[in-house]
Amino acid sequence: MSVQAAVGAWQALRDLRAEGGDPAAQKKARRRPEPSPSTGVRGDVYTVADVVSDFCIHLHDTRAEAGAVASQRALERVLAEEPEFAASTPQQVTRAVAFNLLDARKATPTAAAKLRSLFGAAWDHALDAGRVPDTAPNWWRQVMRGKLKSRGKIIGGEHVGRTRRVLNDAEVGTLLRWLPSMHDLAADATVLYLWTCARGGEILAMRPEHITEEADGVWWTVPKEQTKNARFENAGDHRVPLVGRALKIVKRRMASVGQSGFLFEDSRGEQYTQHDFSTYIYHLQPYSDKATARRAEGAVLPVTNWTPHNLRRTGRTMLSALGCIDEIGEAILGHLQTGIVGVYNTHRYDAEKRTWLTRLAKHLEQLAK
């Protein structure tokens, strides 16, 4: 907006505050989606649909917007699939009802466990607010406890178990030499994963204003609210030194930022998301349903059975192999120090981060030859 428009908007917000209004609360209320028709309209009887509707309002007030929207959709999908359950009262939801609802969805244990947690929290919220009698039990906290554990991802129709995949040096070298076969967005994201050890969500949300040139080199500052530490009072922005290929990629992308304002922008002019990247990598794997066509084009990954997040774990493992101590390695990842150490040690390890990421970059370049 223009300077004049900005001044006008600022004055309007100032007037609102002077009258006792809360601009932040109003903005959040405007963002909050309306409950879907599946939740119904509250009448004289307080139903399960009403429990969910009230809880979703609470979610949007207390959680990050993306997580609140995803949780609301999951809950409302169940209400749409189970109209009798939605129309019943919380007191009518017996232990058997709760068990059968989750048991019908146990084929996807992670999603079922999330639903169990959400319904349990929704019941707690209704009980705490006095909208449900204290005598109504919260069976969601009791049923299927410990029975909804993920068996790991499915490859070729079979569960392969939960693994913490780390690519070895030979695999990393093969992958780096194969990068020209990927499209530019994915190739650049792969490099930034390895060269910075950052999270995918942080990398793909990078904007020009996050990049600064300082006395010791170029830095990328991830705003606190975009990190997983946003909920911790003692956390701050996550600073990442850019070296080697990572620096070249960021400079190149800053020179051609599009309408979205993100360095990683897709062909639609929107942010290239972590979901987009993960899906693309999955469909390059030989076990993907799209692998047959890609194999004919020579576009099937020579290094298989990995996800983008495995690259972050691989970079961290390489740092340890090179001799990087845990305090510095964890600072590079953006992890907070725990316990009494986190209380008294407030050093941010900026110089050490640059030293060790430079060593990691040299090691990666050797593997790429």
Side-chain angles (χ1 to χ4, degrees), residues 13 16-17 19-106 108-148 225-226 228 230-233 275:
L13 292 174
L16 178 62
R17 286 292 298 273
E19 295 169 1
D22 186 346
Q26 290 192 7
K27 182 177 180 181
K28 183 175 289 186
R30 289 194 299 269
R31 282 203 314 262
R32 182 185 300 140
E34 293 294 327
S36 73
S38 64
T39 61
V41 179
R42 180 173 301 160
D44 295 333
V45 179
Y46 192 72
T47 66
V48 169
D50 295 326
V51 171
V52 169
S53 179
D54 286 342
F55 180 61
C56 288
I57 293 173
H58 170 71
L59 282 177
H60 287 281
D61 286 337
T62 57
R63 296 192 185 180
E65 193 66 14
V69 169
S71 297
Q72 179 172 347
R73 286 174 180 167
L75 289 169
E76 291 182 344
R77 190 180 303 116
V78 174
L79 298 186
E81 294 169 354
E82 309 280 351
E84 291 185 9
F85 168 69
S88 63
T89 65
Q91 299 93 306
Q92 292 173 323
V93 178
T94 63
R95 184 172 192 142
V97 169
F99 175 86
N100 289 330
L101 187 144
L102 294 175
D103 190 58
R105 293 162 174 79
K106 67 181 181 181
T108 52
T110 302
K114 182 66 174 177
L115 281 176
R116 176 182 179 273
S117 175
L118 286 171
F119 276 118
W123 252 246
D124 283 345
H125 181 260
L127 286 164
D128 290 345
R131 296 169 186 144
V132 175
D134 291 341
T135 55
N138 186 348
W139 292 118
W140 305 102
R141 300 297 190 194
Q142 304 297 323
V143 299
M144 302 291 282
R145 181 183 294 178
K147 297 180 180 179
L148 294 171
E225 59 271 17
Q226 291 183 7
K228 282 195 172 181
R231 66 187 185 277
F232 297 114
E233 184 179 355
H275 179 266

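Between Tyr46 and Asp54, the closest side-chain pair of non-hydrogen atoms falls below 4.5 Å. Inter-residue side-chain proximity for Leu118 and Phe55 is flagged as met; some heavy-atom pair is nearer than 4.5 Å. Residues Arg105 and Met144 fail the side-chain proximity criterion, which asks for heavy atoms closer than 4.5 Å. Within the 4.5 Å cutoff, the side chain of Thr47 has no heavy atoms near those of the Phe85 side chain. You'll find the side chain of Trp140 stays beyond 4.5 Å of the side chain of Asp124, heavy atoms only. Looking at heavy atoms from C-beta onward, Val52 lies in side-chain contact with Phe119 at the 4.5 angstrom threshold.
The CD1 atom of Ile57 sits 11.5 Å away from atom OG1 of Thr62, with the distance rounded to the nearest 0.5 Å. The OG atom of Ser71 lies 9.5 Å from the CG atom of Leu115; values are rounded to the nearest 0.5 Å. Atom CD of Glu76 is separated from atom CG of Leu79 by 7.0 Å, given to the nearest 0.5 angstrom.
Across all non-hydrogen atoms, the minimal contact from Ala68 to Arg63 is CB-CB, 4.5 Å. Heavy atoms only, all atoms of each residue included: Pro90 and Val51 are closest at CG-CG2, 3.6 Å. Here the closest non-hydrogen pair linking Gln91 and Ala136 is CG-CB, 4.1 Å. Here the closest heavy-atom approach between residue Asn138 and residue Gly120 is recorded as ND2-O, 3.0 Å. Contact between Ala230 and Glu225 at its shortest, heavy atoms only, is CB-CA, 3.9 Å.
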| Are Asp50 and Ser53 close enough, and set up right, to give a side-chain hydrogen bond (donor to acceptor under 3.5 Å, both in side chains), and what steps lead you there? | CA-CA 5 Å; Asp50 295 326; Ser53 179; 5.8 Å; no
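Not one N or O on the side chain of Asp103 forms a donor-acceptor pair closer than 3.5 Å with the backbone of Phe99. Panel note: side chain Arg95, backbone Val143; no donor-acceptor pair is recorded below 3.5 Å.
Counting heavy-atom neighbours within 6.0 Å of Glu84 CD, excluding the residue itself, gives a total of 12 or less.
For the side-chain hydrogen bond (donor to acceptor under 3.5 Å, both in side chains) test, residues two or more places apart in sequence or in another chain that qualify with Thr89 are Gln92. In terms of the salt bridge (charged side-chain N to carboxylate O under 4.0 Å, His left out) criterion, Arg73 has no residue partners (sequence neighbours excluded).
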